[in-house]
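Just so it is clear, the structure is predicted and the values come from calculations on it, not from any experiment.
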Amino acid sequence: QVQLVESGGGLVQTGGSLRLSCKASGGTSSSFTMGWFRQAPGKEREFVSSISWSGASTYYADSVKGRFAMSKNNARNTVYLQMNSLKPDDTAAYYCAADLLQRGPPDNSRAYNYDYWGQGTQVTVSS
């Protein structure tokens, strides 16, 4: 059983930065495609970013391209989401997820393809 624990959320002003972390236990993140999704109140969960099992390939939603960067440290079983130039529209609960089948695009952007999920960390961007 893989467990994912997110951290790093918080309250930040428009234009600020945050770095989210997601640590995996009970499995190794180097074996999975890892993804970040977010969900704002009253909205569906949406894809933010994913990274291949090797870390060689990253993918982003158009809404965060150029502002967010996903990375991983396989030795620490941890993935990161560096979020810069934050906007109020980025306010949401952010979840990391693991896909055991290591899917690439376009399947890696679909939440139902992910097998394990963290509990989420709240990001609030004030205007």
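- Heavy atoms from other residues, nucleotides or ligands lying under 6.0 Å from CD of Q119 number 12 at most.
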Residue pair K65, D62: steps toward the salt bridge (charged side-chain N to carboxylate O under 4.0 Å, His left out) verdict: CA-CA 5 Å; K65 276 181 184 175; D62 288 344; 3.2 Å; yes
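- Of the possible donor and acceptor atoms, one in the side chain of R103 sits under 3.5 Å from a partner among the backbone N and O of N113.
- The two atoms that bring W36 and L81 nearest to each other are NE1-CB, 3.6 Å, heavy atoms only.
- Side-chain atoms of E6 come within 3.5 Å of backbone N or O of C96 as a donor-acceptor pair.
- Inspection of the S17 and N84 side chains reveals an N or O donor paired with an N or O acceptor under 3.5 Å.
- Two different hydrophobic clusters hold W53 and Y59 under the rule that ILVMFWY side chains link at heavy-atom gaps under 4.5 Å.
- The local environment of NZ in K87 is sparse, with at most 12 non-hydrogen atoms from other residues, nucleotides or ligands closer than 6.0 Å.
- For the pair F68/D90, a side-chain contact is recorded, criterion being any heavy-atom separation below 4.5 Å from C-beta on.
- Taking every heavy atom of both residues into account, M34 and C22 meet most closely at CE-SG, 4.3 Å.
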Side chain to side chain contact (heavy atoms under 4.5 Å, CB included) assessment of Y60 paired with M70: CA-CA 9 Å; Y60 300 96; M70 188 171 182; 4.0 Å; yes
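- S52 places a side-chain N or O within 3.5 Å of a backbone atom of S57 that can act as its donor or acceptor partner.
- Taking the ring centre of Y94 as origin, the terminal cationic atom of R38 falls outside the region bounded by 6.0 Å and 45° from the ring axis.
- Counted by atom type alone, N108 and S50 present one or more donor-acceptor pairs between their side chains at under 3.5 Å.
- Considering every non-hydrogen atom in both V123 and G9, the closest pair reads CG2-CA, 4.2 Å.
- Residues L4 and A24 approach most closely at CD2-CB, 3.6 Å, considering heavy atoms.
- Rounding to the nearest 0.5 Å places NZ of K72 at 14.0 Å from OG of S21.
- Expressed to the nearest 0.5 Å, how far OG of S49 lies from CD1 of I51 amounts to 7.0 Å.
- Between T78 and R76 the shortest heavy-atom distance is OG1-O, 2.8 Å.
- Interatomic distance, Q82 CD to R67 CZ, rounded to the nearest 0.5 Å: 12.0 Å.
- Residue-environment remark: CD (Q3) stays at or below the threshold of 12 foreign heavy atoms within 6.0 Å.
- Taken together through direct or relayed side-chain contacts under 4.5 Å among Ile, Leu, Val, Met, Phe, Trp and Tyr, V64 and V12 form part of one hydrophobic cluster.
- Closest approach of A40 to T91, counting heavy atoms only: CB-O, 3.7 Å.
- Paired with F37 under the rule ring pair (Phe, Tyr, Trp, His ring centres under 6.0 Å), one option of F47, Y95, Y112 passes, and it is F47.
- Atoms OH and OG, from Y80 and S7 in turn, are 9.0 Å apart once rounded to the nearest 0.5 Å.
- In this structure, the side chain of Q102 does not engage the main chain of T33 through any donor-acceptor pair within 3.5 Å.
- Once rounded to the nearest 0.5 Å, the distance linking CG of D99 with OG of S31 reads 11.5 Å.
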Worked check of side chain to side chain contact (heavy atoms under 4.5 Å, CB included) between L86 and T14: CA-CA 5 Å; L86 283 162; T14 296; over 6 Å; no
Worked check of side chain to side chain contact (heavy atoms under 4.5 Å, CB included) between L100 and Y116: CA-CA 9 Å; L100 302 184; Y116 297 100; 3.7 Å; yes
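- Within the 4.5 Å cutoff, side-chain heavy atoms of V2 are placed close to those of F32.
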